[in-house]
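Okay, so here's the structure we're looking at.
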Protein chains: 2
Amino acid sequence: MSRDAQECGVNVVIGLIGSKWKPSILWRLAEGDHRFAELRRGVSGISEKVLAEQLRELERDALVSRTAYEGFPLRVDYALTPLGEELNDLLDPVAQWGDAYLADKALEAPGG
Amino acid sequence: MSRDAQECGVNVVIGLIGSKWKPSILWRLAEGDHRFAELRRGVSGISEKVLAEQLRELERDALVSRTAYEGFPLRVDYALTPLGEELNDLLDPVAQWGDAYLADKALEAPGG
DNA sequence: CGGTATCCCTGTCGATACTG
DNA sequence: CAGTATCGACAGGGATACCG
């Protein structure tokens, strides 16, 4: 695959978090550690398969860390890495802009 | 489709520019107006169909404006709207972070 | 609880040919 | 030059069932 699209930097970030669920996962994790089931509930309609998938990618990309505990019942915690927090912070103004954009659009097309 | 994923704001922005080529198109446009063929060359391996598609979406989303001139040969200019510039500016630090991320990864896996 | 395996559906993108 | 039409490939994601 490599990078056929320009390496705008933005493309890198989109490659990292540009999937359907990753931003939501990251937001949840920004609040603190979460277990698998918590994320499953917190994120909305995501399936187990996809959540696990996204989590593995996030882990691979060093944005999220996974901690498994030995006891029973099974327990695994997911948390943002420093890198993940960095990105999350960076994305905060973007999120605000996105909200404002949405509000603006709502005004233009109230009948939506 | 609507928005099943959380409206994190980031998801909004990803919906706007999270496709394969839009960031690159936006970067080009950030340099100033461009004609269709200029974008086609500037963006790399994008096909006419996809470029036209992306441009229409960008226009629909009020990020890009289209200006057609009557004369011949045909001439159409694309430019960032104020909103588009806003977003582009906002994304600049994100792009820098993305570059740094990439450089960092390159160090970790030189044999990549 | 915390996952993995399977199968399918859909959207996105790519190649190519054609039009005003 | 600046697109549109058509067809096909492919990856991401969804539903469901099963495992340690």
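Chain A is the first sequence line, chain B the second, and so forth, proteins listed ahead of strands; every chain is numbered from 1. In this text the structure is predicted, and so the values were computed from the model without any measurement.
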[N] [atom2] sits how many Å from [X] [atom1], rounded?
X: B/F72; N: C/dT19; atom1: CZ; atom2: C1'; value: 13 Å
X: B/H34; N: D/dC1; atom1: NE2; atom2: P; value: 15 Å
X: B/R56; N: D/dG3; atom1: CZ; atom2: P; value: 6 Å
X: A/L74; N: C/dC1; atom1: CG; atom2: C1'; value: 5 Å
X: A/F36; N: C/dT4; atom1: CZ; atom2: P; value: 8 Å
X: A/L55; N: C/dG3; atom1: CG; atom2: C1'; value: 11 Å
X: A/K20; N: C/dC9; atom1: NZ; atom2: C1'; value: 12 Å
X: B/E53; N: C/dA15; atom1: CD; atom2: C1'; value: 13 Å

Describe the nucleic acid contact of B/R75 in one word from base, sugar-phosphate, nothing, applying a heavy-atom distance below 4.0 Å.
->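 Touches sugar-phosphate only.
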Tell me what B/Q54 touches on the nucleic acid: a base, only sugar-phosphate, or nothing, going by heavy atoms under 4.0 Å.
->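 The residue B/Q54 makes sugar-phosphate contact but no base contact.
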For a side-chain contact (heavy atoms from CB on, under 4.5 Å) with B/E85, tell me which candidate from B/L63, B/L26, B/L80 qualifies.
->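 Single side-chain contact (heavy atoms from CB on, under 4.5 Å) partner of B/E85 among B/L63, B/L26, B/L80: B/L80.
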Looking only at the side chain of [X] (C-beta and beyond, no hydrogens), which of the listed nucleotides [options] gets closest?
X: B/K49; options: C/dG2, D/dT4, C/dA15; answer: C/dA15
X: B/R35; options: D/dA5, D/dG3, D/dA2; answer: D/dA2
X: A/V50; options: D/dG13, D/dA2, C/dA15; answer: D/dG13

Which residue lies toward the 5' end of DNA chain C, B/S47 or B/E57, if each is placed at its nearest nucleotide?
->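 With B/S47 and B/E57 compared, the 5'-side residue is B/E57.
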Rounded to the nearest 0.5 Å, how far does NZ of A/K49 lie from CD of A/Q54?
-> 9.5 Å
Phosphate contact ([N] OP1 or OP2) by [X] side-chain N/O below 4.0 Å:
X: A/R66; N: C/dG3; answer: yes
X: A/W21; N: D/dG14; answer: yes
X: A/Y78; N: C/dG3; answer: yes
X: B/R40; N: D/dG3; answer: no

Hey, is B/E59 close enough to B/R56 for a salt bridge, meaning N to O under 4.0 Å?
->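 So B/E59 pairs with B/R56 through a salt bridge.
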Given A/Y78 and A/V64, is the side-chain contact (heavy atoms from CB on, under 4.5 Å) satisfied, shown in steps?
-> CA-CA 7 Å; A/Y78 290 92; A/V64 161; 4.0 Å; yes
Does B/S24 use its side chain to pair, donor to acceptor, with the backbone of B/V43 at less than 3.5 Å?
->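 No; zero donor-acceptor contacts below 3.5 Å.
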